[in-house]
Amino acid sequence: MSSIELNKILNPEQLLGVTTTEGPVLILAGAGSGKTRVLTHRVAYLMEQGVAPYNIMAITFTNKAAGEMRERVNNLAGHGAEQVWVATFHSTCVRILRQFADRIGYDTNFSIYDADDSKTLMKEVCKHLNIDTKKYKEKRILGVISSAKDEMINEEEFAVRNQSDFMMTTYISAYREYQARLRSNNAFDFDDLILKTVELLKQDPEVLNYYQNRFKYIMVDEYQDTNTVQFELVRLLASSHENLCVVGDDDQSIYKFRGANIYNILNFEQHFPNATVIKLEQNYRSTKKILFGANAVIKNNEGRKEKALWTENDEGEKIRFRQFDSAYEEAEFIAMDVRSQKRRGNFDFKECAVLYRTNAQSRILEEKFINENIPYRIVGGVNFYARKEIKDILAYLKTIDNGDDDIAVQRIINVPKRGIGATSLGKVSTYARENEMSFYAALLEASEISTLGKASGKIAPFVEFIEKIKIKLPEYTVPEVIREVLDGTGYIEELQAEGTDEALVRVENIEELINKAILYQEENESPTLSGFLEEVALIADIDRLDENEDYVVLMTLHSAKGLEFENVYMAGMEDGLFPSIMTISGDDDAELEEERRLCYVGITRAKKLLTMTAAKTRMVRGEWQYGAISRFVKELPSEIVDGNTWEGKSRDFAATSFNEPKKSFAEKKKEATKPTVASSYAAKLKEIKAVSAGTKIEKNALPYGVGDRVQHQKFGEGTVKNIADGGRDFEVTVEFDRVGVKKMFASFAKLQKC
DNA sequence: GTTAGAAACAATCCT
DNA sequence: TGTTTCTAAC
């Protein structure tokens, strides 16, 4: 692709961003200005200029962004593009550490601890150090440690800096002990992945040299979100060639709370005095009215680089605003409006997104979406991989993979119940500490531990079970290891015996984990257990979104960054909720400005239609809360807003055009179906065997038939009247005891035989 | 050692 | 309101 051709598909600023390959470049890319397009074309352009793909690196924050970039680069650049290093910060560091962690005293098959594991470890630390957790909450201590790590302060440095402050002594010792235990468990927490990589590069010139030579051209996406230690990582890698291109938007900096340092972008030109600065100000995403609203809101912020986004797009519809008496009605309106938009052919479900400030708001929305039988997907809240059943299975895998990981071993030694309680565990722990060995190593010698008595007999079968799998590990695929664990523990059977809705959802989640493992096994050239564990450890909920399926997405405003939707709802636009109470009550303007940037991010997600809603009352933590209309709503110019109740009498939304006409129930149900393949545990096991045998996966059968009694999450029990094959899915007719006859697609209804 | 039920407590947003 | 931790009884 020559620059003449590029000329046609890129505007002059974008073109400059693509072709300015040498030296530091800062691209200030406004929302919807085509930054991904610039980055991907830049990679292709570099390759065309003769740069080896092997020497190009692109770093993002989420796997989703990395995946998209990878796909687009592959399409654009073709052969050799797969050698370009496209990865998130965290997976980049994991890859480096898997290679060289032994140089900083870890084993290369280390575990990665998520927030949950870290908390468990911190509890042990507090207990060991006799820290009063009423006074110093584990979470608080972890927060202090995490912030320190973001600022590149390790435990020694932390001690030095705070030695004169006796209020900090507890934190100092907790940090020390926590790190010591991570080390002996051969584990890194999330922050460590980056901090330890930076330490490795700093203390080992050979390794630094190796990567500096490899990464001759570096690109960083969402640069406004980088924290101090991430900046240092990038700086180290780029310091020999200085071909560093960063792309970001200071107006979309919304991660101060996790250490993002906005000065990384604001002071880029000071860090790199010879930097080229390029501004992308033409927006290709939103209508004029939406963009006008976004600009009007963000201009109330002071600490920002001046820019003026503009667009050639249509004028568009006004931004709708509606206030309701309760959050209940608000949610109902959104669900009905989505339904109505779909019915009128305006938007598919997948073109709609509901954004909110706090995860707690999702529950009531979810309820209404289920009632309306609208397919939806909630992003965030409890991360899929943080669910109990998933973590249990993963803990087994970690135990098999890294026996030094005490947290994993202790998590599952008594799951399912083996009659090994806290007292026995304490004895094993003591023995392990006295003999300076890992917990698992101590378990192997359980019969030698005199204090244990007959409890050692209960430990033996567990250890034998793990050892048996370990021996066979080389011949197993990852899904097979999971199957061994499930078979050997009876985990699924136990859940099925329980029979509650919740237990059955857990079974489904395990099925999804198996699916993930199958996919991993198929798509990787050299699949390993460590590799799989690493992949799932770094997966964020947002990464699981699939654009091919037709569902409405519900998520926080934070999760929405980087995404775009035709039709966007911003729910809960109330002072006290958004902006949140702590930013209003505190007198820190910077915090309010960050909330405003968040609002800006929300508005600019919308392409065609934007609707803001508020509730006068909502239930928060068990008590009713009254909220005035958000100040951000009032910052919108009234001429582009439809339904601005704050300026006069409230308007009845029922009288406006999006009130939907009556429709039959059957039609409604039909619209809310989700075309995926039904699944069952038995079918999943069949898949595992199929994959292991190298054969094709077949379409699954349903675990119930006509005449069977089934259970639905919302509608309760009923009898199956009919099952029709609808191509990719089955359409099931059920007569429910409480709510009558309903037709639904099997994969969406998630019916369980009872 | 396990379990159920009571009491305490919770403060956004996330890799 | 929803979740986690504590307590008491099996």
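Just so it is clear: chains get the letters A, B, ... in the order the sequence lines come, proteins before strands, and each one is counted from 1. This is a predicted model, so every value here is computed, not measured.
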Pairs flagged by salt bridge (Lys or Arg N to Asp or Glu O under 4.0 Å) wherever residues 449-459 of chain A is involved - sequence neighbours left out: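 Applying salt bridge (Lys or Arg N to Asp or Glu O under 4.0 Å) to every pair that reaches into residues 449-459 of chain A, excluding sequence neighbours, yields nothing.
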
Residue pairs fulfilling salt bridge (Lys or Arg N to Asp or Glu O under 4.0 Å) with at least one residue in residues 121-138 of chain A, sequence neighbours excluded: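 Checked against salt bridge (Lys or Arg N to Asp or Glu O under 4.0 Å) - neighbours excluded - the pairs reaching residues 121-138 of chain A are A:Glu124-A:Arg181.
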
The contact string for nucleotides 9-15 of chain B, one letter per nucleotide 5' to 3', using protein heavy atoms under 4.0 Å with B, S and - for base, sugar-phosphate only and none, comes out as -BBBBBB

Check step by step if ring-ring contact (aromatic ring centres under 6.0 Å, His included) holds for A:Tyr171 and A:Tyr136.
CA-CA 9 Å; A:Tyr171 292 110; A:Tyr136 299 90; 5.5 Å; yes

Holding to side chain to side chain contact (heavy atoms under 4.5 Å, CB included), I want the full list of residues that pass it with [X], two or more places apart in sequence or in another chain.
X        : value
A:Thr430 : A:Glu434
A:Ser559 : A:Val379, A:Ile542, A:Met555, A:Thr556
A:Asn509 : A:Phe384, A:Arg387, A:Glu389, A:Ile390, A:Val505

Partner set under side-chain hydrogen bond (donor to acceptor under 3.5 Å, both in side chains) for A:Thr226, not counting sequence neighbours
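Listed in chain order: A:Asn264.
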
Note: chain A reaches DNA chain C at heavy-atom distances under 4.0 Å over the stretch, first to last nt, 5' to 3', of C:dT1 to C:dT5

With rounding to the closest Å, how many angstrom separate the C1' atoms on B:dT12 and C:dT5?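 To the nearest whole Å, 24 Å.
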
Check: If the P atom of B:dA11 is compared with that of C:dC6, how far apart are they to the nearest Å?
Finding: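 Each nucleotide's P atom is 16 Å from the other's.
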
Residues at least two apart in sequence or cross-chain that pass ring pair (Phe, Tyr, Trp, His ring centres under 6.0 Å) with A:Tyr113, listed by chain then number, are none

| message | Just to be sure I understand the rule, does A:Lys458 reach a base, reach only the sugar-phosphate, or reach nothing, if contact means heavy atoms closer than 4.0 Å? | response | nothing

